[in-house]
Amino acid sequence: MSLRLTNSLSRRLEVFQPLAPGQVSIYCCGVTVYDLCHLGHARSYINWDVLRRHLIWSGYRVRFVQNYTDIDDKILRRAAEEGSSMAAVSERNIEAFVADMARLNILPADRMPRATGSLAAICALIGELEAKGAAYSADGDVYFAVMRHAGYGKLSGRDLGEQQQNAAGRVASEEEARKQHPFDFALWKGAKPGEPSFDSPWGPGRPGWHIECSAMVRAELGDTIDIHLGGADLIFPHHENEIAQSEAATGQELARFWLHNGMVNVGGEKMSKSLGNFTTIRALLDSGVSAMTLRLFVLQAHYRKPLDFTTEALEAAATGWKGLNAALTLAAGSDGERAAITPAQPASDPAALAPELAAARERFATAMDDDLNTSAALAVLFELARPLRALANRLERGDAAGGDPALGPALHQRGELLLELAAVLGLRPEAVSTPAAFAAGGPDQAAIEALIEQRRAAKACRDFASADRIRADLLQQGIELIDRPGGHTEWLRR
RNA sequence: GGCGGCAUGGCCAAGUGGUAAGGCAGAGGAUUGCAAAUCCUUUACCCCCAGUUCGAAUCUGGGUGCCGCCUCCA
């Protein structure tokens, strides 16, 4: 079965066929680096990372480009607020972005161009549009003329003739006055006094938002790419405008497939900076939610549907991940390379797999090929994991034959397959947080361990009342005790 | 107002014509000094109405409810 994806252009499921056999070019709209990334970004980039991994796993060579928007009003405002510069704000947030993505096990893009590094290409493109009559300049600004571009609105289903021209009062009226049509958008904005600016044939200023993507796609990947990615909130106007600019300039179709991910909601509303209902990726991860838990949470839903962020759902994902992680950890063994498994050609030879495992692999591939049905794919992972979890627990209790996790050929093969398929979803064994990692607050480690020793002594004398009191007291202070086989007691902060 | 999407058990969520995956929670069991953890087993007729069909959660028409975009936004 071949990969089918929902193409926003047709709003239909289409069989994916790259332009050049065996290789796929992808452009993903990146972030405006004025602040830290939140869970909406996490969802988007986790999903696209999975698309990329699935393509690689399926045997394609993938070239993946993602931009940084580092010229923007919000960055300027932020810089002004903190008395620093646009470059400083951008640099800081780019570093944070890279770190956050790495924590989520999102593969770095092959190229990550910045708007500030693409000015020559941007100006060239604007010049081309102006020369072709698709754009006009007005008072130092340059605008794209939507009425002169046949097909404007094809992505978002907007009809210029029928559109309510309700932009009045929402957009700076002076800018509105310069436009020939309300939907015309700025390719170049002339600098206002005191603003940082870049030189251009139209005078000092800075590029509009949409043009950078058109310029970067062309510079990095060519006139027509296979897949263009972004959040559903970018369909209009951003992607619509991108299409108009690029296609007016090149005469070629910009992207053959457009994929859009659904929003992360909080209490039924979209998570966004303006609503103030966002949680940053690092705040969540630093609060003790593991990166793989977040990944599982995201992948349990289909990428196109809205995903409601609730603590209940997140806790469910955490518990689910715990089980999966136990199986993955056992399968990976002590081999460090295993933990760092990267997607590649199929690691297992399907022909050599036991029938049950071959069927599981097939179900996984079919699910992923069906518009990235990660929810169904995860079900396969959970089923593969079950016997491994059971063994992991038996080993922990010490009642499995032999101390060595010699899995036996069948379980070994199952473990290998589980690791292979999990890697397609970017899921990898994750070290369980150690008490040391939660060293802040409450009783210190030495005190806790002293109490554990007291309790052990009490239990040895069958003084369970004292033992239970110690356990209850510690729980009051947020310390949970877990008795393990062999009289050993572990603890963790709740 | 225009465009688009969604509605499946207590919660999350697959399934697009043949009698409902998976996860969480719950229940029962095993285990445990008791707990926790772990393992096993177990729980639905799919928003409403009317159609099409031998047969629909799945197709058609009409409702109802919710969300996104139309302004920066993943």
Side-chain angles (χ1 to χ4, degrees), chain A residues 8 11 13 28-32 34 37-48 69 72-74 153 155-159 162-167 169-172 182-183 209 229-238 240 260-265 268-275 278 296-297 299-302 304-308 310 312-324 326 363 367 370 373-383 385-387 389-394 396-397 399 459 462-465 467-468 471-472 475 480-485 489-490:
Chain A
S8 299
R11 299 188 190 88
L13 213 48
C28 177
C29 276
V31 284
T32 301
Y34 73 104
C37 287
H38 58 63
L39 299 179
H41 302 104
R43 179 189 195 191
S44 185
Y45 299 137
I46 286 171
N47 279 134
W48 304 140
T69 298
D72 173 80
D73 287 346
K74 287 180 196 163
L155 179 68
S156 57
R158 251 147 264 258
D159 182 76
E162 288 179 3
Q163 277 302 307
Q164 295 267 330
Q165 301 188 357
N166 62 351
R170 291 181 142 186
V171 181
F183 276 14
W209 174 36
L229 306 171
D233 52 355
L234 296 185
I235 292 173
F236 189 89
H238 184 54
E240 194 68 71
H260 292 99
N261 64 274
M263 301 293 99
V264 171
N265 291 167
E269 275 188 321
K270 175 182 164 183
M271 177 178 286
S272 73
K273 288 285 166 67
S274 45
L275 286 170
F278 61 92
L296 183 65
F297 170 69
L299 296 176
Q300 271 183 318
H302 185 83
R304 297 178 60 242
K305 288 193 176 179
L307 174 62
D308 223 41
T310 63
E312 295 76 29
L314 202 62
E315 278 165 16
T319 315
W321 168 245
K322 209 166 131 195
L324 213 45
R363 272 190 294 138
D370 181 17
N373 189 340
T374 51
S375 185
L378 277 169
V380 176
L381 258 52
F382 277 107
E383 283 160 20
R386 197 171 298 123
R389 285 169 70 178
L391 178 65
N393 186 51
R394 265 182 277 132
E396 187 188 45
R397 290 158 145 263
D399 61 353
K459 279 172 68 179
R462 302 193 67 77
D463 177 6
F464 297 122
D468 289 351
R471 183 170 63 194
L475 192 57
E480 183 177 354
L481 298 188
I482 301 168
D483 289 341
R484 295 297 187 190
T489 297
E490 289 176 16

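The chains referred to below are lettered A, B, ... by the order of the sequence lines, with proteins before strands, and numbering in each begins at 1.
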> In the structure shown, which nucleotide is the Watson-Crick or G-U wobble counterpart of B:C46, with both distances under 3.5 Å?
Replying inline: none
>> Can you tell me which residue among A:Asp233, A:Leu155, A:Leu229 is in a side-chain contact (heavy atoms from CB on, under 4.5 Å) with A:His260?
In response: A:Leu155
> Roughly, in whole Å, what's the span from CD1 in A:Ile235 to C1' in B:G68?
Replying inline: 9 Å
> Out of B:C67, B:G15, B:G33, which nucleotide sits closest to the side chain of A:Asn265?
Replying inline: B:C67
>> Checking base pairs now: Watson-Crick or wobble, both atom distances under 3.5 Å. What partners B:G33?
In response: none
> For atom C1', what is the distance between B:G17 and B:C54, given to the nearest Å?
Replying inline: 12 Å
>> Base, sugar-phosphate or nothing for A:Leu234? Non-hydrogen atoms, less than 4.0 Å.
In response: sugar-phosphate
>> With rounding to the closest Å, how many angstrom separate the C1' atoms on B:C66 and B:G29?
In response: 42 Å
>> I'd like the P distance from B:G22 over to B:U41, given in whole Å.
In response: 11 Å
>> Does A:Glu315 reach a base, just sugar-phosphate, or nothing at all? Heavy atoms under 4.0 Å.
In response: nothing
>> What contact category does A:Phe236 fall into here, base, sugar-phosphate, or nothing, at under 4.0 angstrom with non-hydrogen atoms?
In response: sugar-phosphate
>> Suppose we define a pair by two distances each less than 3.5 Å, Watson-Crick or G-U wobble; what does B:U58 pair with here?
In response: none
>> Categorize A:Gly40 for me: base, sugar-phosphate, or nothing, with a 4.0 angstrom heavy-atom threshold over every strand shown.
In response: base
> Can you tell which of B:G33, B:A14, B:A74 lies closest to the side chain of A:His302?
Replying inline: B:A14
> Between B:G4, B:C72, B:G33, which nucleotide has the shortest distance from any of its atoms to the side chain of A:Lys74?
Replying inline: B:C72
> Quantified in whole Å, what is the C1' atom distance between nucleotide B:U31 and nucleotide B:C39?
Replying inline: 9 Å
> What does B:C24 pair with, Watson-Crick or G-U, if both distances are under 3.5 Å?
Replying inline: B:G10
> In whole angstrom, what separates A:Met271's CE from B:C67's P?
Replying inline: 16 Å
> How many Å lie between CG on A:Leu481 and C1' on B:A36, as a whole number?
Replying inline: 10 Å
> What about A:Ser272: does its side chain form a donor-acceptor pair under 3.5 Å with the base of B:A74?
Replying inline: no
> Quick check: does any side chain N or O of A:Arg304 sit under 3.5 Å from a backbone N or O of A:Ala232, one acting as donor and the other as acceptor?
Replying inline: no
> Picking from B:C3, B:A14, B:G15, which would you name as closest to the side chain of A:Ser375?
Replying inline: B:A14
> Is there a Watson-Crick or G-U wobble partner for B:A74 with both distances under 3.5 Å, and which nucleotide is it?
Replying inline: none
>> Using the P atom as the point on both nucleotides, what is the distance between B:C48 and B:C11, in whole Å?
In response: 15 Å
> Per the atom types in the model, does the base of B:G2 pair as donor or acceptor with the side chain of A:Asp159 at under 3.5 Å?
Replying inline: no
> Between A:Arg389 and B:C39, does any side-chain N or O lie under 4.0 Å from OP1 or OP2?
Replying inline: yes
> Is there a donor on the side chain of A:Arg471 or the base of B:C34 sitting less than 3.5 Å from an acceptor on the other?
Replying inline: yes
>> Tell me the interatomic distance from A:Asp233, atom CG, to B:C3, atom C1', rounded to whole angstroms.
In response: 15 Å
>> Using atom P in both nucleotides, what's the gap between B:G15 and B:U52 to the nearest angstrom?
In response: 28 Å
>> Under a 3.5 Å cut-off for both contacts, is B:C66 paired Watson-Crick or G-U wobble with anything, and if yes, with which nucleotide?
In response: B:G5
> In Watson-Crick or G-U wobble terms, both distances under 3.5 Å, what is the partner of B:U52?
Replying inline: none
> Heavy atoms under 4.0 Å, any strand shown: does A:Ala232 hit a base, just sugar-phosphate, or nothing?
Replying inline: nothing
>> Classify A:Gly30 by what it touches in the nucleic acid, base, sugar-phosphate, or nothing, heavy-atom distance under 4.0 Å.
In response: sugar-phosphate
> Can you check whether A:Asn373 has a side-chain N or O nearer than 4.0 Å to OP1 or OP2 of B:G15?
Replying inline: yes
> When you measure from the side chain of A:Thr319, which nucleotide among B:A25, B:A14, B:G33 comes out closest?
Replying inline: B:A25
>> Output one letter per nucleotide in nucleotides 6-12 of chain B: B when a protein non-hydrogen atom lies under 4.0 Å from the base, S when only the sugar-phosphate is that close, - when neither is.
In response: SS-----
>> From C-beta outward on A:Phe183, which listed nucleotide comes closest to its side chain: B:C70, B:G33, B:A25?
In response: B:C70
>> So if I take every side-chain heavy atom of A:Arg386 and compare against B:C40, B:A13, B:C69, which nucleotide ends up nearest?
In response: B:C40
> Between B:C3, B:A74, B:G68, which one does the side chain of A:Val264 approach most closely?
Replying inline: B:A74
